[in-house]
Amino acid sequence: MAECYMCEKEGTTVEHVPPKCVFPEKKDLPEGWDLRSQLITVPACDEHNTKKSKDDEYILYVLVMNLPANEVGGNHFQTKLMRAIERNPNLINQFLSTHQRVTVQDTETGEWQNTIAIEVDRDRFDGAIDMMSRALHYEHFSEKWLGKVSVQPDFLLSLDPETARDTNEPIEQLAKAADQIFDSQPYFGENQEVFKYQVINGNDQCEKIMRLSFYGNCKVTVFFGLNG
């Protein structure tokens, strides 16, 4: 039996990467659509499977509630998440407890939209992406990554009027640089309307760089072994 992607224990379970809940069910899609076919899976021990599953729903909420999410992501919110919220509103209430009303501009259309901004638990979000990235490394290269992983979400921005410019400018510059670096690189993963990824070899400063794309434009850049 294969070892867990995170440790030396037996991989007694199968872990979906990204979590299966990120992919809409057939009942929520147009007839003939199937966005849960050929999902990526890796062997995982009970401990790491359970640890990761605790944050699956949290990751889903963060992704589908973001403006860059495509129509598939928006529909997923209106169907699966609305049912989940009706059953148990605790998680959405946690998000909404710190929300603020904002007006933002769509950088593609130039249109302004009234929406809300929510506070994201970066430790929780980054930790879940960290494990997801290690699982993708295991899948893509057939070997574990036990070194450092640095996570940079391109779509999570600060709205603090005092620090937003200084905080967001480096994030936006890094996102533009990543767009250029990965522009001609192939995508991997089935059901790419929901999730796809790219990967390149790095240099002395960083061994590998991976770009995760959820629901179109919710992108996260991941650095494996980043120095400094």
Side-chain angles (χ1 to χ4, degrees), residues 16-40 52-53 55-89 91-96 99 101-122 124-126 128-129 131-133 135-136 151-157 159 171-172 175 178-179 182 187-198 210-222:
H16 288 88
V17 192
K20 194 173 184 179
C21 66
V22 170
F23 299 86
E25 300 176 64
K26 282 187 177 181
K27 65 181 180 181
D28 295 326
L29 295 168
E31 186 175 354
W33 282 42
D34 182 3
L35 293 179
R36 286 192 168 186
S37 64
Q38 303 182 57
L39 301 184
I40 298 171
K52 182 176 180 297
S53 65
D55 291 326
D56 289 354
E57 187 179 26
Y58 186 83
I59 285 285
L60 177 59
Y61 274 63
V62 172
L63 292 172
V64 300
M65 289 196 297
N66 266 278
L67 288 178
N70 60 17
E71 185 176 352
V72 173
N75 182 68
H76 203 28
F77 178 84
Q78 294 296 331
T79 53
K80 180 180 178 64
L81 259 70
M82 289 305 296
R83 293 194 298 268
I85 290 169
E86 290 176 1
R87 291 194 302 269
N88 183 2
L91 184 53
I92 192 65
N93 287 340
Q94 291 177 30
F95 281 113
L96 296 179
H99 83 280
R101 297 187 180 279
V102 295
T103 303
V104 297
Q105 185 178 28
D106 187 318
T107 56
E108 294 186 1
T109 66
E111 295 181 355
W112 290 87
Q113 302 179 44
N114 293 318
T115 185
I116 63 171
I118 58 174
E119 185 174 337
V120 175
D121 183 339
R122 280 296 304 272
R124 189 175 185 184
F125 181 87
D126 290 3
I129 295 293
M131 294 186 70
M132 196 183 304
S133 302
L136 288 169
V151 175
Q152 178 54 61
D154 301 346
F155 60 93
L156 295 183
L157 300 174
L159 293 173
I171 296 174
E172 293 169 347
D179 285 340
F182 286 99
Y187 286 101
F188 299 93
E190 303 295 331
N191 314 301
Q192 295 190 0
E193 299 93 335
V194 177
F195 174 77
K196 55 190 176 183
Y197 73 96
Q198 300 163 286
M210 190 176 287
R211 198 91 185 284
L212 316 182
S213 298
F214 302 88
Y215 306 118
N217 289 313
C218 295
K219 299 178 181 180
V220 182
T221 306
V222 180

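Position 1 is the first residue of the sequence, and the numbers go up from there.
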Evaluate the side-chain proximity of [Y] to [X]: yes if any heavy-atom separation is below 4.5 Å, no if none is.
X    : Y    : value
M65  : I92  : yes
P68  : Y215 : no
R83  : D28  : yes
L136 : S133 : no
L60  : P19  : no
F195 : L63  : no
V62  : F214 : no

Euclidean distance, [Y] [atom2] relative to [X] [atom1], rounded to 0.5 Å:
X    : Y    : atom1 : atom2 : value
D126 : M131 : CG    : CE    : 13.5 Å
C21  : Y61  : SG    : OH    : 10.0 Å
L81  : E86  : CG    : CD    : 11.0 Å
E190 : K196 : CD    : NZ    : 13.0 Å
Q192 : Y187 : CD    : OH    : 8.0 Å
N66  : K219 : CG    : NZ    : 14.0 Å

Under 4.0 Å between a Lys/Arg side-chain N and an Asp/Glu carboxylate O for R211 and D179? yes
Passing candidate, side-chain contact (heavy atoms from CB on, under 4.5 Å) with E25, options R36, H76, K20: R36
Using a 3.5 Å distance criterion without hydrogens, assess whether the side chain of N70 forms a donor-acceptor pair with backbone atoms of E193. yes
Kindly give the heavy-atom pair with the smallest separation between K26 and W33, and that separation in Å. CG-O, 3.7 Å
